[in-house]
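Report on one structure; see the data block that follows.
The analysis underlying the following values was restricted to heavy atoms, covering all of them including side chains, and did not include hydrogens, waters or symmetry mates. Residue numbering restarts at 1 for every chain, and letters A, B, ... go by the order of the sequence lines.
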Protein chains: 4
Amino acid sequence: MVEAGGVAAERLKSFIERIERLEEEKAALAADIREVYSEAKGAGFDTKIMRQVVRLRKMDETDRQEQETLLDVYKQALGLLG
Amino acid sequence: MVEAGGVAAERLKSFIERIERLEEEKAALAADIREVYSEAKGAGFDTKIMRQVVRLRKMDETDRQEQETLLDVYKQALGLLG
Amino acid sequence: MVEAGGVAAERLKSFIERIERLEEEKAALAADIREVYSEAKGAGFDTKIMRQVVRLRKMDETDRQEQETLLDVYKQALGLLG
Amino acid sequence: MVEAGGVAAERLKSFIERIERLEEEKAALAADIREVYSEAKGAGFDTKIMRQVVRLRKMDETDRQEQETLLDVYKQALGLLG
DNA sequence: GTGGGTTTGTGGCACC
DNA sequence: GGTGCCACAAACCCAC
């Protein structure tokens, strides 16, 4: 990037602008998601729990069960269960 | 949400699926962005600096005046100016 | 803060330095915590689960059970249980 | 960790409690910091700007040179300089 | 109660 | 292949 008025600068500008365009779209989707949560909240659902559910559903079923099992073991060891 | 097999459950499922669909699209855009950075890196650019540039350009749109005020205060209070 | 060389500037500088001192100590503790996790990991424990446990123990017992119950309800509605 | 009542459980409990003790101290420091900000606010200072100052002073210690390089690249590539 | 800001937790990335 | 780092996303907290 020594040649600021040259082709490298143009190339960089192009990359930056592509990124900015994509980030704009991403931000729009994030706003949409917030809106759905807001709507759900208005319908009486607990959005924090909903986020946990979304996270869980994203996980592989095997991994999910392994994690839950391990968490139970740790809980038991700490007296948080039983 | 007492009636887990009832209409509330259906409504919840609908919200969750809308969110998941939107998050899928968001993840795709995030992947696109990573790819642009990767391409830029292949062209010899420093992606970490690029990220800072993107951040600065975003900041400038919103907080430029605050930042300048801050800079003055900081410089003055720390004796870095006059 | 109009009088940059005056008493207000001195006062500000004092506040800033007190904050920085405290943040230094806070950062040191954060490092200590990371180290304990690292040690636990070396002993074969799963640090991600440990973090969950720490979070759970911080919560009020009543709240914790309510959350778990609600999560189960939502899971059932989504077919993540039973 | 199969032996929840055994030595592994004891070891885990020990780790968790060390972490909790450290986090307690960390939380106390965070409270102290909030209090200093509050005191500064009472003295007429703008705490948001103060936070920015603290952040800048921290950055300057580590990343000042990178930042300056970045600024040049940004200005040049975007035609804000020369 | 809602929004903004800060902080914490998670995932991706580079280096070893 | 694992480990530390950095950026992003989520959770928390405060102010309004």
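Counting to the nearest Å, the P atom of F/dA11 and the CE atom of C/M59 are 13 Å from each other. As a whole-Å value, the separation of D/E35 CD from F/dC14 C1' is 16 Å. Between the C1' atom of F/dC8 and the CD1 atom of A/I19 lies a distance of 15 Å, rounded to the nearest Å. Distance, C/D46 CG to F/dG2 P: 14 Å, rounded to whole Å. D/I49 has its CD1 atom 10 Å from the P atom of E/dT6, to the nearest Å.
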Pair up each side-chain donor or acceptor in residues 37-44 of chain B with any protein partner under 3.5 Å, not counting sequence neighbours, and list the distances.
unit_1, atom_1, unit_2, atom_2, d
B/E39, OE1, A/R18, NH1, 3.4
B/E39, OE1, A/R18, NH2, 3.1

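A salt bridge does not link A/K13 with A/E10: every distance from a Lys NZ or Arg NE/NH1/NH2 to an Asp or Glu carboxylate oxygen is 4.0 Å or more. Between B/R21 and B/E25 there is a salt bridge, since a side-chain N of the basic residue sits under 4.0 Å from a carboxylate O of the acidic one.
Heavy atoms from other residues, nucleotides or ligands lying under 6.0 Å from CD of D/E35 number 12 at most. Counting non-hydrogen atoms of other residues, nucleotides and ligands closer than 6.0 Å to CZ of C/R57 gives a total above 12. Atom CZ of A/R64 is surrounded by more than 12 heavy atoms from other residues, nucleotides or ligands within 6.0 Å.
The closest donor-acceptor contact from the side chain of C/Y74 to the backbone of A/D46 lies under 3.5 Å.
With D/K58 as the partner, the salt bridge (charged side-chain N to carboxylate O under 4.0 Å, His left out) test is satisfied by one option alone out of C/E20, C/E24, C/E23: C/E23.
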So which protein N/O to nucleotides 14-16 of chain E N/O distances come out below 3.5 Å?
unit_1, atom_1, unit_2, atom_2, d
E/dA14, OP1, B/K41, NZ, 2.6

*Sugar-phosphate means primed atoms, P, OP1 and OP2; the rest is base. With that split, encode nucleotides 7-12 of chain E 5' to 3' as B, S or - using protein heavy atoms under 4.0 Å.*
-SSSSS

